[in-house]
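Read the structure below first, then the notes.
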Amino acid sequence: MRHLMSPLDFSVEELDELLGLAQDIEAHPDKYAHACDGKKLATLFYEPSTRTRLSHEAAMLNLGGSIMGFSSAESSSAAKGESVSDTIRTISCYADICAMRHPKEGAPMVACQHSSIPVINAGDGGHQHPTQTLTDLLTILNVKGRLNKMTIGLCGDLKFGRTVHSLIHALVRYEGIQFVLISPEELRLPDYMRHDVLDKLNIPYQEVVRLEDAIPKLDILYMTRVQKERFFNEEDYVRMKDFYILDKKKMRLAPEDMYVLHPLPRVNEISVEIDDDPRAAYFKQMQYGVYVRMALILTLLDIHVD
Ligand code: NCD
């Protein structure tokens with residue numbers, strides 16, 4: 001049985017296959033409409049979500065399956081003190097696959113050790129968010145036509161942003177990738193990512209504070225929200241929250257073929273005035289999130305459609 005805890009759980013070849021499947025699903029949705037007839041997905045969300053939970057659910061419904069779950073810890077027995085391991089033992093009796101989001105790093109890993117169904121990590125604290133990475137990779141592939149030979153700017157909360165951590169893990173396996181890490185000093189990429197991943201693998205990167213300095217040389221600009229819920233005090237958050245605002249003026253400095261991604265939700269970091277810019281790819285990105293999660297569910301359930 002397979003789980004998805006980190007993007008590294010798939011080899012590059014397996015990832016290529018999964019992204020190819022997502023593209024086929026986009027092109028021929030009818031072919032897959034009954035692939036999961038009779039199967040059930042449970043979504044166990046201990047933290048707020050719009051896209052991640054609903055796109056997993058939409059994915060299962062598009063495949064002909066059914067869904068169940070809870071969308072907050074308060075509406076589950078976690079509020080009575082139940083452990084993740086007991087909850088997952090229960091869910092294993094009711095569903096065929098589950099997606100779990102939890103504020104504690106490692107909670108989905110604990111779940112998969114006690115589960116008899118595949119567990120998808122739908123975000124664990126400030127650690128990883130592998131299904132967002134699948135979405136990001138599919139988006140980059142669709143807008144740029146490749147996943148290698150690229151300069152990727154990661155901007156915003158690189159400290160707590162789990163989508164950034166997972167995306168780096170996935171992209172360093174492709175040839176010719178370099179990063180520009182754009183953040184305020186206090187929200188720099190953690191040492192365990194910089195030293196243990198980038199330095200160790202000799203991946204070229206640069207750290208800058210000003211977005212304007214980085215933007216002219218990027219192929220992809222990946223914007224992120226300052227992760228309010230992970231701050232220890234409100235004051236620090238308020239000071240950081242509007243540090244970056246991508247607007248028309250800054251987009252004028254960007255190459256014609258530099259695409260802007262954002263895992264969403266956005267707060268103020270992308271001005272709505274650039275939503276109609278052809279380089280704004282973040283709404284496409286959330287649509288791709290459904291196709292890629294359909295491909296993921298099929299892969300983890302080992303269901304093949306000819
Ligand atoms: C991201 C997350 O939950 O980490 N959202 C998402 O799943 N699309 C990013 C965020 O909340 O800022």
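The structure presented is a predicted model; accordingly, all values stated were derived computationally and were not measured. Remember, it's 1-based here, ligands and their atoms both numbered in the order they're listed.
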- Message: Does the residue Arg101 have a heavy-atom contact with ligand 1, meaning some pair of atoms that are separated by less than 4.0 Å?
- Response: yes
- Taking 4.0 angstrom as the limit, do Glu47 and Arg162 come out as a salt bridge? yes
- Message: Do the side chains of Asp275 and Arg266 get close enough for a salt bridge, i.e. N-O under 4.0 angstrom?
- Response: yes
- Where does Leu264 meet ligand 1, judged by heavy-atom distances below 4.0 Å: at the side chain, the backbone, both, or neither? backbone
- Give a yes/no on ligand 1: does Gly123 have at least one heavy atom closer than 4.0 angstrom to it? no
- Query: Which residue and non-hydrogen atom of the protein lie closest to atom 11 (O) of ligand 1, and at what distance in Å?
  - Reply: Arg225 NH2, 2.8 Å
- Message: Between the side chains of Asp24 and Lys31, is the shortest nitrogen-to-carboxylate-oxygen separation below 4.0 Å, so that they form an ion pair?
- Response: yes
- Item | Closest protein heavy atom (residue, atom, distance) for atom 4 (O) of ligand 1 | Arg162 NE, 2.8 Å
- Query: Between Glu14 and Arg2, does at least one N-O distance fall below 4.0 Å, as a salt bridge requires?
  - Reply: yes
- Item | Heavy-atom proximity to atom 7 (O) of ligand 1, best of His129, Arg51, Gln227, Gln128 | His129
- Task: Identify whether the distance between the nearest side-chain nitrogen and carboxylate oxygen of Glu186 and Arg239 falls below 4.0 Å.
- Result: yes
- Do ligand 1 and Thr52 have nitrogen or oxygen atoms that lie under 3.5 Å from each other? yes
- Asp157 with Lys159: basic N within carboxylate O range, under 4.0 Å: no
- Item | ligand 1 N/O within reach of Glu229 N/O, cut-off under 3.5 Å | no
